[in-house]
Structures are given as structure tokens and as C-alpha cells.
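Sequence positions, counted from 1, serve as the residue numbers for this chain. In listed order, ligands and their atoms are each counted from 1. Please read these numbers as outputs of a predicted model, since none were measured by experiment.
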Amino acid sequence: MTQLISRMIGTGSYLPARKMTNDEMSEIVETSDAWITERTGIKTRYIAAEGELTSDIAAKAAQHAMDRAGVIADDIDLIIVATTTPDKTFPATATSVQAKLGVDRGAAFDIQAVCSGFVFALSTADNFLKAGQFTTALVIGAETFTRILDWTDRGTCVLFGDGGGAVVLRAEQGEAGQEGLIGHHIRSDGRKSDMLHVDGGVSSTGTVGHVRMNGPQVFKHAVSNITSAVRHVVAASSYEVEDIDWFVPHQANQRILDGVAKKLKIDETKVVSTVSQHGNTSAASIPLALDTAIRDGRINSGQLVLIEAMGGGFTWGASLFRV
Ligand code: ACO
């Protein structure tokens, strides 16, 4: 029996023009290409141009996804932007994206779950579409994350970059649990917020603040939380981990990607990694990696894809879907 499901009908991404290498980073803080490569796998990251906003990046990624999906602005009735680096405190960046794309119907709002934002946004949009409240959704992860970095802290500034990725979802009749978006598992634990946070905010300091992180602790929690989320989402489906065609993790650090894949016994040939080129683009990293692997022909229509992420909060989660 068929029912209303969400189908992913297009993906897109956008990177700012300016690419920054590890050697350039070593001119800013005491670090080296060798250290960054060995500890993280990162070689380059992209930096938004002066005046280039998160909404500009999001709208460009979204337009690519809409072109790929064959939809126009009039078709879109839901826009969710996952971001930690909004244009302004308010209005939501999603409403700026809505205006930039020429969408004048439906609803647009932001989701804040830091690096897990895309998984949270995808799960939210899926529930709206399955409930019949909206029909065609843009789910976007976009960041100008380098604007909240402390460029004197070598423990964090070498890790992150800017960029955006987007998917178009459409509500259609289909076989639930077999086609389109299959399942999600999202979690949060506010007790661990001091391990990865920003030391400023509207109601606390009245400033934007900078990223602060206990790297080794985040690393430890990332591997175990992500593994647990993946096990939950797979257990709730009719699939096994071996059935997954592609694993598209949040691109935080190659060592976290390898650790999770090893724990879950996912063959490295199924893992999409873009962390060497993009660095950690927070909420943008999964849709950016997904679009990269679709465009270069690795991920094909109908294949089973697993995504996962963990971020500040802590927040973490995983989703399973067919593209
Ligand atoms: N260049 C050179 N040396 C550095 C740098 C750098 N960029 N950064 C830190 N160091 C030094 C430290 O000062 C320390 O020196 P010391 O021994 O003289 O005190 C030494 O390297 C080791 O520091 P650690 O923090 O213990 O290094 P570690 O091996 O844990 O690597 C890293 C640090 C890469 C941050 C690691 O902890 C990590 O990847 N953690 C996960 C963090 C992450 O990915 N966060 C992203 C957001 S959350 C998410 O997306 C999952």
C-alpha cells in the first residue's frame, strides 16, 4: 500500500571562490600542513568573500538543487535553512533565501543544531511533507562559519570552512520505508554544551562570540554518539548496515569518519569524504558532500544512502534515504 512519502528529487551546492591552503593557515597561526593533514585530513577550506552572506551561499546552493530537480520558485512551499552563522539575529536566514529565490508562498525558517543541523532539518521537513502540510521543500545547510572563529586559536581555526548544500524534497505517493526518505534518529544532550560552544550570544554577552572546543573530548563523544544514532536508524528500518550503498558522514575530521566507519564495519570504498577539500563546514558539510558525490557519478539514483552528524549542544543524528 502506498502513502505520502518524501522523495529527494535534486541536490545542489556552492563554495565561495576563495580557497585557503594549510600553508596559508601556517602564516596566521603556529601550525603546519603536516600537523593538520595528519590530525584531521584537511588540506584546504573555502572562505566567504567580504560581504558574502550565509543567505547568498544558501540561495546559490538552493538554485542549483532546484535546477537539478526541475522545479521553479512557484513550486517551493517550505524552506528550512540549517545554520549556525545566520545573516542577522533576526529575521531567519531562510526568509532572506526565500526572497532571493523569488519564492512568495509557504513558510521559511531556520534550524540551529550546529553541525547536526542538516540532519535535524531533513527530519523536520520530512515530517511536514508526510503530514501533507507542504508539498515541495528546500532543505539547506549553509555557513559562513569562518566568521565565528578565533583566528589566534590554532586548535579550532584550522578545522572549519564556509559553503552550502541543498536538497529538494517532494511529497509523493510511495512505499514507506522503501523509497525516498526512510528514517531519522535525532538526539541532543545539553549537559555537554561546554565542550563545544561559542563564548557569546545575544542574551548572554550581546556579542557574537568565538568557537571554543575541547577537541579530544568532542572526538571521543563524536565516535560513540554517531555510531549509536546510525544503529538506531538502521534498526528501525528493514535494512542492515551492509545494505547501505553510500555513507555520507558529516565532514568533521578524517579520523572521526574512519573511526565511525570502522566501528560500524562500513567498507571505506562506500564512504564519501570531502573533508580534505572543504574542511568542516558545519551544517553545510553533508549536503555539500552528497551533491559532490552525485555530480561526480558515484551516487546513483535509487541507491541507499546513510548520513550522520554530531555537533555542539551536543546534538547528533542519522538519516537513511534513497536518492
Ligand atoms: N597545529 C599544531 N599543533 C596544534 C594545533 C595545530 N593546528 N592544534 C593543537 N595543537 C597542539 C596542541 O597545542 C597540543 O600541544 P601540546 O601537546 O604541546 O599541548 C597538541 O597539538 C595536541 O593537542 P590535542 O588537542 O590533544 O590534539 P588532538 O590529537 O586531539 O587533535 C583535534 C586535535 C584535531 C582538534 C582533535 O581533537 C579533533 O579532531 N577533535 C574533534 C574535533 C572536531 O572535529 N570538532 C569539529 C566540531 S564537532 C564535529 O563536527 C564532530
Are F145 and F314 in one and the same hydrophobic cluster, where Ile, Leu, Val, Met, Phe, Trp and Tyr link if side-chain heavy atoms are under 4.5 Å apart?
yes
Atom indices of ligand 1 within 4.0 angstrom of L196 heavy atoms, with elements
47 (C), 48 (S)
Pair R322 + E179, salt bridge at N-O below 4.0 Å
no
Heavy atom of the protein closest to atom 32 (C) of ligand 1 (residue, atom name, distance)
W35 CH2, 4.6 Å
Full working for ring-ring contact (aromatic ring centres under 6.0 Å, His included) between H64 and Y14
CA-CA 8 Å; H64 288 154; Y14 172 80; 7.1 Å; no
Pick from P216, G279, S32: the one approaching atom 25 (O) of ligand 1 most closely through a non-hydrogen atom
P216
Look at R255 together with E38 and state whether they make a salt bridge at an N to O cut-off of under 4.0 Å.
no
V158 heavy atoms within 4.0 Å reach ligand 1 at atoms 7 (N)
Less than 4.0 Å is my threshold; does some heavy atom of G155 fall inside it relative to ligand 1?
yes
Which bit of I256 is near ligand 1, meaning a heavy atom under 4.0 Å away: side chain, backbone, both or neither?
side chain
Between R68 and D291, is the closest basic N to carboxylate O distance under 4.0 Å?
yes
For atom 50 (O) of ligand 1, what is the nearest protein heavy atom, given as residue, atom name and distance?
H250 NE2, 2.8 Å
Going by an N to O cut-off under 4.0 Å, is there a salt bridge joining R212 and D150?
yes
Only heavy atoms of A252, strictly under 4.0 Å: list the atoms of ligand 1 that pass.
44 (O), 49 (C), 50 (O), 51 (C)
Is the shortest distance from a heavy atom of I36 to ligand 1 less than 4.0 Å?
no
What are the atoms of ligand 1, with element, lying closer than 4.0 Å to any heavy atom of T40?
34 (C)
Is the closest basic N to carboxylate O distance between D267 and K270 below 4.0 Å?
no
With a cut-off of 4.0 Å, which atoms of ligand 1 are near a heavy atom of N280?
46 (C), 47 (C), 50 (O)
Among protein heavy atoms, which lies nearest atom 49 (C) of ligand 1, and at what distance?
M310 O, 3.4 Å
Got a salt bridge between D75 and R170, using NZ or NE/NH1/NH2 to carboxylate O under 4.0 Å?
no
Give a yes-or-no answer on whether the side chains of T54 and T144 include a donor-acceptor pair shorter than 3.5 Å.
yes
Nearest non-hydrogen protein atom, atom 1 (N) of ligand 1
T31 OG1, 2.6 Å
Return the closest protein heavy atom for atom 28 (P) of ligand 1 as residue, atom name and distance.
R39 NH1, 3.4 Å
Identify, for atom 7 (N) of ligand 1, the protein heavy atom at the shortest distance, and state residue, atom and that distance.
R154 O, 2.9 Å
Among all the protein's non-hydrogen atoms, which is closest to atom 37 (O) of ligand 1, and how far away is it?
G215 C, 3.1 Å
Answer yes when D126 and K130 have at least one side-chain N-carboxylate O distance shorter than 4.0 Å, and no when they do not.
yes
Return the residue, atom name and 0.1 Å-rounded distance of the protein heavy atom closest to atom 42 (C) of ligand 1.
M213 SD, 3.5 Å
Counting only heavy atoms on the protein side, is anything nearer than 4.0 Å to atom 14 (C) of ligand 1?
no
